[in-house]
Structure formats: structure tokens, C-alpha cells
There are 2 protein chains.
Amino acid sequence: MHKPGPEMEIVHLLRAVTVELGLHTARFANRNGMHPTDVRALIALMDASRAGEEMTAGRLGAALGINSAGTTALVDRLERAGHVRRVRGERDRRKVVIEVSEEAVELGWAHFGPLIGRAVELLRGYDERELASIRGFLGGVREAAAQGD
Amino acid sequence: MHKPGPEMEIVHLLRAVTVELGLHTARFANRNGMHPTDVRALIALMDASRAGEEMTAGRLGAALGINSAGTTALVDRLERAGHVRRVRGERDRRKVVIEVSEEAVELGWAHFGPLIGRAVELLRGYDERELASIRGFLGGVREAAAQGD
DNA sequence: AACAAGTATCTCGCCGAGCGAGATAATAGG
DNA sequence: CCTATTATCTCGCTCGGCGAGATACTTGTT
């Protein structure tokens, strides 16, 4: 019916990885009385912070694929738990900038640190050409998955 | 604070890929009046079918990280939509074997086919050593993420 | 064989995440 | 200024998933 091909093994492996990472995230969420969405939000916030960008409520909701009502509830939840702070935008006072608390960053590192460490360790075992192929494949899949919004 | 390192770029890229694939799955779910969990369930079912294994309600719930009540509701939903069939276990009549309908398989291929095709195309551009490094990295991350259940 | 213990699924009642619709507040453009 | 636009929030609601416990079938024990 479909030709198997040795490439399919890697495709299925990639999917298996995303499933496993999803479950890993869900465990972190459960252990801290949070929901998967809350964790995804914190990750998005830390990403923005690392890139030196401000994350507003609207952009956060868009990044997670939930609407404005859901986003407000999400930020309420995170704020109530002390994971984020709401800060009114300085230049545009309609906006609400969301800042991650130091405590949430540490909580995240405690759980995801070992996994990240292991991944970095694995990557150290490859030479530049191998790293380039990994980078190229992941980048290509990301682009392909982003098509058709 | 943290040493950046060129490896971190790939770690963040992998995370970006999982985020993008998650959104891609959510779009498929929305367009077909389903929820992300339903799609994850169908994928798990097709995986099992491809591996020639029977998937029961209990194993499905475990694979998705939801409890038995939620699993029953999930299977009800999928059955109502015509995506799966319930079949009483032959040997052990307590079990309920879940079978995916041909129609659901085609629906999935219509949406995920192009993405899978693009991934395979990308992989064809690498030689055996490069494929081995991609396989090795993904396999290693999967194992690392599976630790600590 | 009959009974207890174990296992797989289902039912019931409930909580709360996320949605649609629309209100409110701030900015931008003519 | 007055209107259109943008950003967030409020309200009411639906329904996915949970905990507790019921039900049905299987397996081990005596």
C-alpha cells in the first residue's frame, strides 16, 4: 500500500519524540498543579524573554492557539500561582506585558534541566557536519509544519 | 548565568519543532470538529495497528495519560464520529479492542501526508552517516524524556 | 465447584479550561 | 474631536477529564 522506505523510520521516531516530550511536559504540569497549557505558556514566555522580546497577553494567546477569553483566564491562573506578573504597557497602555517570576524559571529548570543536559551531552558527540544535518532536518520539519495556518 | 553553547540552538530548535507539530495537530483537530486528544488517540491507534498490535481501551488511556473515565468518553466520542469501532476481546472478554476505521486513516493521510512527504524528501538529501546521527539524536532524546514516570 | 481477589471497562457527578459574544479602555487617523 | 481600530477583559456556556464507585469477566485458592 505505502512503500515503507528507511526514511519512514526516522519520521516515526520524530513523532515518538514529540509524544514523549508531551507526556514529560504533562508530568511536570501535574506535579505542580498546572495544566499543559500553563506549561506551554511559561515556555513561550521564557523563550520571548531569552530573545529579549516583550510578551503581551495577545501574542501569548496567539502563540498557544487560544482566544482572548481563554488567554485572560490563563494569565489569571498563572498570576494567582505566582508564576507571572501583569505589567501595563508603558508606551501603549492597552497592552499587558507578562513577566515570568524568577521562581517559575527555577521550577522549570529543576524539571527540564536534566533533559536539556542530556540532549546537549548527546549533541557533543557529533561533529560539525552531523550537527548541521540535525539542524537542517529539524529546521525543515518546523517550516513544513508551519505551512497552512 | 548559563553558558549558551552551540548545542543549545539545536535543543531550542527541537522544542520549536514540537510546538509547531502540536499546532499543526490542533489545526487538523479543529478542522474536523475534534479535540487534540482525539487526534493523539487516532495516531496511537494507527501506530499500534502498524506494529500489528491490538490496542485496548486501557492501553490507549495509558498511552495518552488520561484515566479510565476519560478514556471511555474519548472512545465514545470517536465511535460516535465513526472513526473507530469497539470490538469485545475474544480471549479476554473484559477487554475492548479499538479498531480504526478506514475512513479515519484516509482523513489522517490527507492532512499529515504532505508533512510526512516533505520530511521524507528532506531525509533523502542525507547520506547514511548523517541519517544515523539524526536517528541517534532523536532516539536519545526520546529515551531521556521517558525517564521518571 | 464456589468464593475471593484482581483486572478492564463503564456510569455518575463534578470541576474548570476554553469558546463566542460583547463590553471596556486606550490609541490612531482624518 | 469623533470614529475606527486594537488590546484586554467579563459573562455565560459547553464539554473534556477527574475521582469514586459500580459492573463484568478472569484467575487463583482451597
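Keep in mind that the numbers below use all heavy atoms, side chains included, and drop hydrogens, waters and symmetry copies. Protein chains get the first letters and strands the later ones, always in sequence-line order, with residue 1 at the start of each.
- If you check every strand for non-hydrogen atoms under 4.0 Å, B/T71 touches nothing.
- The interatomic distance linking A/K95 (NZ) with C/dT27 (C1') rounds to 11 Å, in whole Å.
- Here the C1' atom of nucleotide C/dG18 and the CZ atom of A/R40 are 12 Å apart, to the nearest Å.
- Surrounding CD of B/E128 are more than 12 heavy atoms belonging to other residues, nucleotides or ligands, all under 6.0 Å away.
- Rounded to a whole Å, the CG atom of A/D92 is 6 Å from the P atom of C/dA28.
- Residue A/H35 is the one, among A/R91 and A/H35, whose nearest nucleotide of DNA chain C lies closer to the 5' end (criterion: closest heavy atom).
- Between A/R86 and A/D76 there is a salt bridge, with a side-chain nitrogen of the basic residue lying less than 4.0 Å from a carboxylate oxygen of the acidic one.
- Note on the helix from C/dA1-D/dT30 to C/dG30-D/dC1: angle between the axes of the first and last five pairs equals 20°, rounded to 10 degrees.
- Computed from coordinates, the B/M34 CE to D/dG17 P distance equals 12 Å when rounded to whole Å.
- Residue contacts for B/A57: at a heavy-atom cut-off of 4.0 Å it reaches the sugar-phosphate backbone alone, with no base atom in range.
- The distance from atom CD of B/E20 to atom CG of B/L13, rounded to the nearest 0.5 Å, is 11.0 Å.
- Residues A/R129 and B/D127 meet the side-chain proximity criterion, which asks for heavy atoms closer than 4.5 Å.
- One atom, CZ of A/R93, and another, C1' of D/dC9, lie 17 Å apart when rounded to the nearest Å.
- For A/M55 and D/dT8, the CE to P distance is 11 Å, given to the nearest whole Å.
- With hydrogens and angles disregarded, no donor-acceptor distance shorter than 3.5 Å links the side chain of A/E143 to the backbone of A/G140.
- Of the candidate nucleotides C/dC10, D/dC9, D/dG17, C/dC10 has the atom lying nearest to any side-chain atom of B/R86.
- The side chain of A/R88 lies closest to D/dT8, out of D/dT8, D/dG21, C/dA17.
- Taking 3.5 Å as the limit, the base of C/dT27 and the side chain of A/R94 contain no donor-acceptor pair of atoms between them.
- Dense packing is recorded around CZ of B/R135, with more than 12 heavy atoms of other residues, nucleotides or ligands lying under 6.0 Å away.
- Atom CZ of B/R93 is surrounded by 12 or fewer heavy atoms from other residues, nucleotides or ligands within 6.0 Å.
- In this structure, A/E79 atom CD and D/dT8 atom P are separated by 14 Å, rounded to whole Å.
- Mapping A/N67 and B/V96 onto DNA chain C by nearest heavy atom places B/V96 closer to the 5' end of the strand.
- In this structure, A/R80 places its CZ atom 8 Å from P of C/dA17, rounding to the nearest Å.
- The residue A/R59 sits apart from the nucleic acid: no heavy atom pair falls under 4.0 Å.
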